[in-house]
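Both ligands and their constituent atoms are indexed starting at 1 by order of listing. No hydrogens, no waters, no symmetry mates; every other heavy atom, side chains included, goes into these values.
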Amino acid sequence: MTSTFPGPAESGLTVVIPCFNEVDNVEPSYREITNELGHHSLELLYVDDGSSDGTLDVIHTLAAADPRVRYLSFSRNFGFEAAFSAGYRYASQPWVLHIDADQQFPAAESRKLVAAAEQGYDAVFGVRTNRQDPLLRRWGTAAFHFIGRRLLRIEIPPGATAFRLVRAELARKIVDLRLGTPYFLATVPRLTSRYTTVPVAHRARERGESKVGMGFLSSHAIELFVGFTRRLTTAASATALLAAGIGVLAAGAAAFGLLGANATAVTLFALLTVLLLVSSLTVRYLVVVGAGQPRPRQYYVRESNVAIDVEDRLFTSEDPGGPRRIDVQLGKGISA
Ligand code: UDP
Ligand code: MG
């Protein structure tokens, strides 16, 4: 495959590092990333997703010592998707490399992503060959890919993770779509066919805890299943209609005395269940998929050392990218 666009090795990278309460990880991960990728023209863009454990203080220290370090800090915890979306939005280099702060993806593995991108891809996703996460998480991901890819036929790069290298313009286009259901993995294939996956190593988390709970993951997955295809809602409606038909027949039979008293009660419960199922699916459909539904903004920035659009700030009087940036660069520290 050929592309006239320069690859990441030549043109430079923004490493986007989302952080939520990663106080013990920020510094070791900074060292690993700069050791492994320091030969590239590099920007490190930390997105502090409303941490309360001193993560931002560590980022301040790094930014004061290294001009390659940029950061945004959110006004509260807005979640993983919002954190990396803001990072992609404000990346200054032509390629975005996403690495989590917890070092689960070894920075050295990004060389494999770079090598693949050099072949002319717009996006390259790491796939964990030896995933070091709890069994429940691994099963959850397997179920997610089976339902999403096989049953619902949503185009998702097989096994793809957040460890990825993407042309910044593409990443920004996706973020700017402001989707009701933001789902990066499933949106890339809607914009380009030039994406691929490469096998990468994975480590267990050594410091801190996973911030992504099963509750979040399952509701996010359901949003994908409902928002990126009609198959699930169509199947659910067909099942509900079938159940309703059976319920009506049973109710009719009960009314004509063809069923006993117990059967009448069972029939009524069945009818009620069907009604609940239909109404809950309808509500979900309207809420999640309703065309052009406005949603609250995904994130707000309180502080940064890069210039931030006014619409992405919570308080316009606090000036991200303004005097605070100068303070940081002079190494005077910040009074936040
Ligand atoms: N993260 C974030 N906001 C959140 C949750 C997570 O910025 O609300 C960051 C987190 O600090 C880490 C990355 O996203 O750098 C991936 O999170 P985590 O390691 O907890 O997820 P897991 O590896 O367990 O899927
Ligand atoms: Mg992790």
Side-chain angles (χ1 to χ4, degrees), residues 14-33 44-59 62 69-91 96-107 109-110 125-145 159-164 171 175 182-185 200-221 223-224 296-304:
T14 294
V15 186
V16 169
I17 309 143
C19 308
F20 177 46
N21 291 343
E22 300 284 5
V23 68
D24 296 325
N25 283 316
V26 173
E27 219 265 330
S29 117
Y30 163 83
R31 269 190 276 113
E32 189 188 16
I33 292 168
L44 290 97
L45 182 53
Y46 288 88
V47 183
D48 167 38
D49 185 9
S51 301
S52 55
D53 68 345
T55 292
L56 185 56
D57 298 332
V58 183
I59 296 172
L62 295 177
V69 173
R70 312 281 162 84
Y71 68 90
L72 326 166
S73 180
F74 286 170
S75 56
R76 54 159 286 171
N77 177 239
F78 282 97
F80 179 58
E81 197 97 24
F84 72 68
S85 297
Y88 299 176
R89 173 81 184 74
Y90 290 103
V96 168
L97 171 66
H98 178 141
I99 304 189
D100 290 344
D102 57 6
Q103 296 186 286
Q104 287 202 263
F105 292 102
E109 294 295 278
S110 41
F125 297 89
V127 176
R128 297 164 285 219
T129 43
N130 61 337
R131 185 169 178 192
Q132 302 295 310
D133 278 330
L135 198 60
L136 199 59
R137 288 290 302 274
R138 302 206 302 268
W139 283 352
T141 305
F144 167 81
H145 278 274
T161 61
F163 184 44
R164 54 203 170 206
V175 171
Y183 224 111
F184 196 83
L185 291 184
V200 292
H202 190 242
R203 300 177 185 134
R205 196 185 240 277
E206 274 184 29
R207 292 170 295 272
E209 288 176 353
S210 170
K211 312 299 183 308
V212 176
M214 287 308 273
F216 164 81
L217 288 172
S218 36
S219 70
H220 200 42
E223 286 195 341
L224 176 82
R297 288 189 56 73
Q298 261 192 300
Y299 58 82
Y300 286 102
V301 174
R302 185 187 291 280
E303 184 197 318
S304 74

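- Distance from atom 24 (O) of ligand 1 to its nearest protein heavy atom, with residue and atom name: S210 OG, 2.5 Å.
- Comparing E209, R137, H98 against atom 25 (O) of ligand 1, the shortest heavy-atom distance belongs to R137.
- At the shortest separation from atom 21 (O) of ligand 1 among protein heavy atoms lies V212 CG2, 3.4 Å.
- At a cut-off of 2.8 Å, measuring from the Mg ion (ligand 2), the protein N, O or S atoms that fall short of it are D102 OD2, Q104 OE1, waters left aside.
- Taking a cut-off of under 4.0 Å to the non-hydrogen atoms of K211, the atoms of ligand 1 that pass are 5 (C), 6 (C), 18 (P), 20 (O).
- For ligand 1, the atoms closer than 4.0 angstrom to any heavy atom of R205 are 18 (P), 19 (O), 20 (O).
- Every atom of ligand 1 with a heavy atom of A101 under 4.0 Å away is listed here by number and element: 15 (O).
- Of the polar atoms of F20, at least one N or O is found under 3.5 Å from an N or O of ligand 1, judged by distance alone.
- Figure legend: cation-pi geometry between R76 and F78, with NZ or CZ positioned under 6.0 Å from the six-membered ring centre and within 45° of its axis.
- Against a heavy-atom cut-off of under 4.0 Å, E22 is close to the following atoms of ligand 1: 10 (C), 11 (O), 12 (C), 15 (O).
- Close approach of ligand 1 to A83 (heavy-atom distance below 4.0 Å) involves ligand atoms 7 (O).
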Side chain to side chain contact (heavy atoms under 4.5 Å, CB included) between D100 and F163, worked out:
CA-CA 7 Å; D100 290 344; F163 184 44; over 6 Å; no

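- Between D102 and ligand 1, a contact under 3.5 Å exists for at least one N or O pair.
- Minimum interatomic distance between S73 and L56 (heavy atoms only, all atoms of both residues): OG-CD2, 3.5 Å.
- The closest donor-acceptor contact from the side chain of T129 to the backbone of V200 lies under 3.5 Å.
- Checking R131 against T141 by side-chain atom types alone, a donor-acceptor pair falls below 3.5 Å.
- Here P18 has heavy atoms under 4.0 Å from ligand 1 in both its backbone and its side chain.
- If you look at N77 next to ligand 1, the close heavy atoms, those under 4.0 Å, all belong to the side chain.
- In this structure, F184 has its ring center under 6.0 Å from that of Y88.
- Every atom of ligand 1 with a heavy atom of D100 under 4.0 Å away is listed here by number and element: 13 (C), 15 (O), 16 (C).
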Test log, rule side chain to side chain contact (heavy atoms under 4.5 Å, CB included), inputs Y71 and L62
CA-CA 10 Å; Y71 68 90; L62 295 177; over 6 Å; no

Can you list the steps and then say if H98 with F105 is a side chain to side chain contact (heavy atoms under 4.5 Å, CB included)?
CA-CA 10 Å; H98 178 141; F105 292 102; over 6 Å; no

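- Contact annotation: for D49 versus ligand 1, heavy atoms closer than 4.0 Å belong to the side chain alone.
- Which parts of ligand 1 touch Q104 is read off a 4.0 Å heavy-atom cut-off, strictly below it: atoms 19 (O), 23 (O).
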Show your working on salt bridge (Lys or Arg N to Asp or Glu O under 4.0 Å) between R207 and E27 and close with a plain yes or no.
CA-CA 12 Å; R207 292 170 295 272; E27 219 265 330; over 6 Å; no

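- Checking E81 against Y183 by side-chain atom types alone, no donor-acceptor pair falls below 3.5 Å.
- Here's the thing with V47: none of its N/O atoms is less than 3.5 angstrom from an N/O atom of ligand 1.
- In this structure a side-chain-to-backbone donor-acceptor pair under 3.5 Å is missing from D102 to R205.
- One finds the CZ atom of R137 at 4.5 Å from the OG atom of S210 (value rounded to the nearest 0.5 Å).
- Figure legend: cation-pi geometry between R164 and F84, with NZ or CZ positioned under 6.0 Å from the six-membered ring centre and within 45° of its axis.
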Worked verdict on Y90 versus V47 for side chain to side chain contact (heavy atoms under 4.5 Å, CB included):
CA-CA 10 Å; Y90 290 103; V47 183; over 6 Å; no

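- In this structure, the protein non-hydrogen atom closest to atom 14 (O) of ligand 1 is F80 CD1, 3.0 Å.
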